[in-house]
Amino acid sequence: MISIHSQIQANKMKTVMVMTIFMLFVVTVSYILGKSLGYGSSWIGLGLIISGIMSLVSYYYSDKMVLTLSGARLADRKKDFDLYTVTENIALSAGIPKPKVYVIEDSAPNAFATGRDPEHAVVCATRGLINKLSRRELEGVIAHEISHIQNFDIRLMAIVSIMVGVIALLSDWFSRSLWWGKRDRDDRGNISAVLFLISIVLALIAPLVATLIQLAISRRREFLADASGALLTRNPDALASALQKISADKEVLEAATNATAHLYIVNPFKDKNFSAWFANLFNTHPPIAERVKILTAM
């Protein structure tokens, strides 16, 4: 048996480790590209500012945009009694204010949480989730989503997005500088051929590596939300059962888009054309079988 507390601690430590590696990667890439262009590290600040502004706008307004894109409506306590009261109870157990509760009128079962902090949080579930899960299973799903809020995952992923944005911007600027011949000839003479070659390779692969690290962090936070949710309900089997039901459901969530799919507790798209190994590299969520295995072992 795996202790829920030990699982939570292990996931937090792994997140810290991956975040540390990511920050070192961003600093290294930024320095090498800047040095190769003769700018040193002075342009890293500009990349941080631009990426930060873009991410902050998303951070403060993403919940409204996601709800609008999803066609969600505010839940009604009488009409959506189970969802509403389960959210109230789990939020009370988590020690956070009750998030706003929304419903998507779609028969495919799924749910997500968004919001920049516990005071500005939203939990959203589909009609299919409410109708197809038992109350215990619904508690497991809502506990998972409230754990995302409690663990400040939206804030963490906003920081990660800034770092990914910096890598993308610097790689793009490097490529354009080469194309437009922006570097001074004196600077070119001072840069070794090896460093220049390394810079070209980094400019090509760094955005992909940054995205893969971002997805790895996202998957790690899903494991953490599973464990934290199990701690709130003291019933990991309920969440495991819910995940199996949601993943086995054949209906495609029509309200989901590429921009919102990563928020849901289970990938809302059913397309599995890629091999499992390749697909998992680019998934924001871990495989359901792995999540269920860990939960049932708790």
Side-chain angles (χ1 to χ4, degrees), residues 8 11-12 14-16 18-19 22-23 26 48 51-70 72 74-75 83 87 90-91 93-104 110-126 129 140-166 168 210-211 213-232 239 253 255-268 283-286 291:
I8 291 172
N11 278 293
K12 286 181 178 179
K14 288 176 182 177
T15 299
V16 170
V18 175
M19 282 293 295
F22 196 13
M23 286 187 287
V26 171
L48 283 170
S51 297
I53 291 172
M54 294 169 63
S55 296
L56 282 173
V57 171
S58 173
Y59 179 66
Y60 280 101
Y61 297 102
S62 61
D63 54 343
K64 297 178 180 64
M65 291 187 288
V66 168
L67 292 170
T68 300
L69 285 172
S70 303
L74 268 172
L83 175 64
T87 304
I90 299 297
S93 297
I96 66 171
K98 183 187 78 66
K100 292 180 180 178
V101 185
Y102 280 78
V103 175
I104 299 173
N110 225 315
F112 68 83
T114 186
R116 61 185 183 271
D117 55 43
E119 287 72 34
H120 302 86
V122 170
V123 168
C124 185
T126 64
L129 187 88
V141 170
I142 299 305
H144 171 100
E145 298 304 337
I146 284 182
S147 293
H148 276 308
I149 298 167
Q150 188 182 34
N151 294 332
F152 291 91
D153 285 336
I154 286 83
R155 182 175 297 179
L156 173 66
M157 295 313 295
I159 294 171
V160 173
S161 296
I162 290 175
M163 292 193 287
V164 173
V166 168
T211 300
I213 296 176
Q214 179 185 30
L215 295 175
I217 294 171
S218 176
R219 290 191 291 271
R220 184 51 51 193
R221 300 310 283 188
E222 289 301 319
F223 281 127
L224 177 58
D226 284 347
S228 299
L231 181 62
L232 288 175
L239 177 55
L253 182 57
T257 66
N258 288 328
T260 61
H262 67 284
L263 293 172
Y264 289 90
I265 189 170
V266 172
N267 184 359
N283 276 341
T284 55
H285 291 60
R291 295 170 69 181

Results of ring-ring contact (aromatic ring centres under 6.0 Å, His included) for Tyr264 - residues two or more places apart only: Phe112
Side-chain donor or acceptor of Asn110 paired with backbone N/O of Thr126 under 3.5 Å: no
Backbone N/O of Lys64 and side chain of Thr68: donor-acceptor pair under 3.5 Å: yes
Interatomic distance, Ile149 atom CD1 to His120 atom NE2 [nearest 0.5 angstrom]: 12.5 Å
Where Ala210 and Val164 come nearest, the two heavy atoms and their spacing: O-CG2, 3.8 Å
Derivation and outcome, side chain to side chain contact (heavy atoms under 4.5 Å, CB included), residues Leu156 and Ile217: CA-CA 9 Å; Leu156 173 66; Ile217 294 171; 4.2 Å; yes
Closest non-hydrogen atom pair, Leu232 against Ala94: CD2-CA, 3.7 Å
Donor-acceptor under 3.5 Å (Ser147 side chain, Gly229 main chain): yes
Intermediate values then yes/no, side chain to side chain contact (heavy atoms under 4.5 Å, CB included), Arg291 and Ile265: CA-CA 11 Å; Arg291 295 170 69 181; Ile265 189 170; 3.7 Å; yes
Candidate pair Val266 and His285, rule side chain to side chain contact (heavy atoms under 4.5 Å, CB included), full reasoning: CA-CA 7 Å; Val266 172; His285 291 60; 5.9 Å; no
Side chain proximity check, Gln150 to Ile90, heavy atoms < 4.5 angstrom: no
Main-chain N/O of Gln214 paired with Ser218 side-chain donor or acceptor, under 3.5 Å: no
Rounded distance (nearest 0.5 Å) linking atom SG of Cys124 with atom CD1 of Ile104: 3.5 Å
Other residues, nucleotides, ligands: >12 heavy atoms within 6.0 Å of Lys98 NZ: yes
Smallest separation among heavy atoms of Pro286 and Glu222, with atom names: CD-CB, 3.6 Å
Candidate pair Thr114 and Thr260, rule side chain to side chain contact (heavy atoms under 4.5 Å, CB included), full reasoning: CA-CA 10 Å; Thr114 186; Thr260 61; over 6 Å; no
Beyond-backbone contact of Leu83 with Ile142, side-chain heavy atoms, under 4.5 angstrom: yes
Contacts of Glu145 that satisfy salt bridge (charged side-chain N to carboxylate O under 4.0 Å, His left out) - sequence neighbours left out: none
Minimum-distance pair of heavy atoms, taken over all atoms of Val122 and Pro99: N-CB, 4.1 Å
Shortest non-hydrogen contact between Ala261 and Pro268, atoms and distance: O-CD, 3.6 Å
Heavy-atom side-chain proximity of Tyr102 to Val123 below 4.5 angstrom: no
Interatomic distance, Leu263 atom CG to Asp153 atom CG [nearest 0.5 angstrom]: 11.0 Å
Those residues that, when tested against Asn151, pass side chain to side chain donor-acceptor pair (under 3.5 Å) (two or more places apart): Ser228
Heavy-atom closest pair, residues Ile146 and Thr87: CD1-O, 3.8 Å
